[in-house]
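To start, the structure itself, in structure tokens.
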Amino acid sequence: QVRLVESGGGLVQAGGSLRLSCVVSGRTITTIPMGWFRQTPGKGREFVATIDYSGSYTYYTNSVKGRFSISRDNAENTVFLQMVNLKPEDTGVYFCAARRSAYSGTTAAAASYDYWGQGTQVTVSS
């Protein structure tokens with residue numbers, strides 16, 4: 001059974017930083033792209049960032065470009081989301097997601113991801 005477990009969320013003031021981690025068990029992530037999404041009451045589930053299987057290609061939603069950085073440690077089966085200069089509008093539950101098929105492309109479409117974590121809450125106060 002594939003399991004994704006996020007951690008690292010919390011309460012931070014605007015301008016602060018957080019680093020989210022997503023540890024995957026049940027399969028290796030070496031050959032699959034990974035993504036981060038967030039969910040807020042007003043917007044639903046929103047794409048944040050994605051990274052290809054090797055870590056050489058990344059893609060971000062416009063609102064987080066220059067502030068968030070996605071990375072991966074395939075040896076540890078872990079994906080990270082470094083967030084700096086956080087804003088109140090970044091508040092939400094952050095989810096890690098993985099695609100099933102080896103060497104599949106990166107995508108911002110939530111429906112293309114097969115495995116999801118339970119989420120970690122990020123709250124940014126003004």
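Note that the structure is predicted; figures quoted are calculated from it, not measured.
Between Thr50 and the options Trp36, Tyr60, Tyr59, Tyr113, a side chain to side chain donor-acceptor pair (under 3.5 Å) holds for only Tyr113.
Between Cys96 and Met34, the shortest heavy-atom distance links the atoms SG-CE, 3.7 Å. Nearest heavy-atom pair across Glu76 and Thr78 is O-OG1, 2.8 Å. Nearest approach of Leu18 to Leu86, heavy atoms of both residues: N-CD1, 3.9 Å.
A side-chain N or O of Tyr94 and one of Arg38 form a donor-acceptor pair less than 3.5 Å apart. Checked by atom type, the side-chain pair Tyr103/Ser54 shows no donor-acceptor distance below 3.5 Å. For the residue pair Thr91/Glu89, the side-chain donor-acceptor check at 3.5 Å is not satisfied.
In this structure, Phe37 has its ring center at least 6.0 angstrom away from the ring center of Phe95.
Hydrophobic clustering places Phe68 together with Val12 (ILVMFWY residues linked when any side-chain heavy atoms are closer than 4.5 Å, directly or through intermediates).
Annotation: cation-pi geometry satisfied between Arg100 and Tyr115 (NZ/CZ under 6.0 angstrom from ring centroid, within 45° of ring axis). Stacking of Arg72 on the aromatic ring of Phe80 is not recorded, the 6.0 Å distance cut-off and the 45° axial limit not both being met.
When atom types are taken as modelled, the side chain of Tyr57 and the backbone of Gly105 share no donor-acceptor pair closer than 3.5 angstrom. For Ser104 (side chain) and Ala102 (main-chain N/O), no donor-acceptor pair under 3.5 Å exists by modelled atom type. Side-chain N or O atoms of Arg99 include one that pairs as donor or acceptor with a backbone N or O of Ser112 at under 3.5 Å.
When the shell of 6.0 Å around NZ of Lys65 is examined, it contains more than 12 heavy atoms from other residues, nucleotides or ligands.
Counting heavy atoms from C-beta on, the side chains of Lys87 and Arg67 come closer than 4.5 Å. For the pair Gln82 and Ser71, the minimum side-chain heavy-atom distance is 4.5 Å or more.
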